[in-house]
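The structure appears right after this line, and notes come after that.
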Amino acid sequence: MALRERNRKFVVLANWKMYKTISEGMDYIRTLKENNWIHENAVEIILCIPFTILSAAVREALKGKIEIGAQNVYDHDWGPFTGEISAPMLSEIGCRYCMIGHSWRRQQTHENDFYVNRKVKLLNKYGIIPIICIGESIEEREKGQTLEKLKEQIEICFDGLSHEQMMRAIVLYEPIWAIGTGKVATLEQAEQAHHFIRKKIEQCFSEKVAERTRIVYGGSVKWHNVSEMLDSKNIDGVGVGSDSLDVNNFVKTAAACIKFIKSI
Ligand code: PGA
């Protein structure tokens with residue numbers, strides 16, 4: 001397999017959801033930094049964390065080794081949108097990434113693909129790299145509509161992006177039925193979806209763009225099952241939710257990924 005020839009840095013992403021105070025977050029990042037492998041540059045660690053922790057985390061993290069991302073952004077630059085946070089605000093504090101379209105937000109706050117697309121464009125305008133979540137529900141999978149759903153999400157969410165913008169973006173494939181359920185997708189299911197996503201990106205952009213874009217799997221990834229998800233041509237990283245809340249578990253997950261990367 002041509003894994004070694006790949007031009008895509010492997011991602012180990014933590015989604016803290018609505019957990020952790022600033023001091024807990026700082027302790028977490030300090031513990032991560034105590035690991036020597038952080039300096040080896042083998043993988044890119046991305047922590048997607050609550051808004052309140054972002055500023056402090058950007059200062060505490062190690063640029064290029066531990067990167068910081070938000071979990072959401074509003075779809076306007078400025079305005080009377082009480083309680084919202086905009087892309088220029090995230091950019092000002094040095095936030096490098098921002099996750100958008102997480103299935104929780106899609107379900108609870110009715111964010112659709114067009115809304116996600118507006119956010120993708122705004123993030124790009126302010127130099128923040130979007131991490132775009134896509135994935136099918138259990139009903140869609142059972143009806144055999146998984147690939148149709150992914151096709152639609154890709155066509156709408158990534159519409160209007162330049163080739164450079166698409167190559168920088170991260171696609172986070174998270175089947176909804178696998179999020180927080182303990183039901184991790186099989187390697188075969190994940191690889192099929194990732195392969196399809198890459199082919200679709202090739203169709204919408206170009207072969208070069210598809211070859212460079214990182215496609216990451218998320219949904220019930222844990223330190224003890226992560227090895228099952230690694231040996232695949234089209235999986236460029238893992239997104240870890242609940243299991244990333246314990247820094248020791250996240251360290252074990254990252255260590256497993258690094259061991260794998262070094263072995264190929
Ligand atoms: P999970 O969450 O790892 O707890 O399934 C993944 C996510 O919400 O990104």
Side-chain angles (χ1 to χ4, degrees), residues 10-20 24-25 28 32 43-51 53-54 57 66-73 95-111 113 116 119-120 123 129-141 146 149-150 153 157 169-187 189-190 193-194 197 214-230 232 235-257:
F10 199 87
V11 174
V12 187
L13 179 150
N15 172 13
W16 289 357
K17 313 195 183 204
M18 198 184 71
Y19 290 102
K20 296 197 187 298
E24 287 167 349
Y28 189 110
L32 267 187
V43 298
E44 182 174 11
I45 305 282
I46 304 175
L47 306 179
C48 292
I49 63 182
F51 287 131
I53 318 180
L54 286 173
I66 304 174
E67 295 288 359
I68 302 300
Q71 299 173 352
N72 183 36
V73 69
C95 188
R96 185 163 164 77
Y97 288 98
C98 181
M99 183 186 267
I100 38 178
H102 187 277
S103 68
W104 187 88
R105 300 201 59 81
R106 287 175 182 267
Q107 282 164 351
Q108 302 295 321
T109 65
H110 310 295
E111 293 188 9
D113 295 326
V116 169
K119 295 181 182 201
V120 172
L123 289 171
I129 303 173
I131 300 171
I132 304 134
C133 305
I134 58 174
E136 80 287 358
S137 66
I138 190 63
E139 294 77 24
E140 285 158 344
R141 176 159 284 272
T146 299
K149 174 76 181 186
L150 295 177
Q153 290 186 319
C157 294
I170 293 178
V171 182
L172 181 52
Y173 169 62
E174 296 200 319
I176 300 169
W177 49 271
I179 299 178
T181 58
K183 278 189 217 148
V184 66
T186 62
L187 184 62
Q189 287 170 327
H194 284 229
I197 293 166
R214 293 182 289 177
I215 307 170
V216 172
Y217 171 82
S220 293
V221 175
K222 302 190 189 304
W223 67 270
H224 53 81
N225 66 20
V226 66
S227 319
E228 296 161 25
M229 300 309 294
L230 301 178
S232 159
I235 298 180
D236 304 314
V238 286
V240 193
S242 330
D243 202 52
S244 74
L245 294 174
D246 179 331
V247 68
N248 297 317
N249 289 354
F250 189 63
V251 164
K252 283 191 238 172
T253 297
C257 294

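Because only heavy atoms are used, hydrogens play no part in the values below, and waters and symmetry mates are left out as well, while side chains stay in. Every number for a ligand or one of its atoms is a count from 1 in the order of the listing. As the structure is a prediction and not an experimental result, all values here were calculated from the model.
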If the contact criterion is a heavy-atom separation under 4.0 Å, does [X] count as touching ligand 1?
| X | answer |
| --- | --- |
| Ile179 | yes |
| Ser220 | yes |
| His102 | yes |

* To do: Look at the side chain of Gln71 and the backbone N and O of Asn15, then say whether any donor-acceptor pair between them is shorter than 3.5 Å.
  =>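 Answer holds: no.
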* Asked: Would you say the side-chain atoms of Ser137 pair up with the backbone N or O of Ile176, donor to acceptor, closer than 3.5 Å?
  ->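 Flag not set: sc Ser137 to bb Ile176 has no pair under 3.5 Å.
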* **Asn15 contact mode with ligand 1 (heavy-atom cut-off under 4.0 Å)** =>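 The answer is the side chain.
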* Under-4.0 Å heavy-atom contact with ligand 1, by part of Ser103 that carries it ->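 The answer is neither; Ser103 stays 4.0 Å or more away.
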For [X] and [Y], which heavy atoms make the closest approach, and how far apart are they?
| X | Y | result |
| --- | --- | --- |
| Ile134 | Arg106 | CG2-NH2, 4.2 Å |
| Ser227 | Ala256 | OG-CB, 4.5 Å |
| Leu172 | Gly218 | CD1-N, 4.0 Å |

Heavy-atom nearest neighbour in the protein, as seen from [atom], with distance rounded to 0.1 Å:
| atom | value |
| --- | --- |
| atom 4 (O) of ligand 1 | Ser242 OG, 2.5 Å |
| atom 9 (O) of ligand 1 | Glu174 OE2, 2.7 Å |
| atom 5 (O) of ligand 1 | Gly180 N, 2.7 Å |
| atom 3 (O) of ligand 1 | Gly241 N, 2.8 Å |

* Atoms of ligand 1, numbered as shown, that sit under 4.0 Å from any heavy atom of Lys17 ->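 Per the distance check, 1 (P), 2 (O), 4 (O), 6 (C), 7 (C), 8 (O).
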* Asked: In ligand 1, which numbered atoms sit nearer than 4.0 Å to a non-hydrogen atom of Ala178?
  ->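 Those qualifying, in numeric order: 5 (O).
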* Looking at residues at least two apart in the chain, or sitting in another chain, which of them share a side chain to side chain donor-acceptor pair (under 3.5 Å) with Glu136? ->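 Partners of Glu136 by the side chain to side chain donor-acceptor pair (under 3.5 Å) criterion, ordered by chain and then number, come out as Arg141, Tyr173, Trp177.
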* Phe10 CZ to Ile235 CD1 distance, which is reported to the nearest 0.5 Å ->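 Phe10 atom CZ to Ile235 atom CD1 measures 8.0 Å (nearest 0.5 Å).
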* Contacts of Asp243 that satisfy salt bridge (charged side-chain N to carboxylate O under 4.0 Å, His left out) - sequence neighbours left out ->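 For Asp243 there are no salt bridge (charged side-chain N to carboxylate O under 4.0 Å, His left out) partners, ignoring immediate neighbours.
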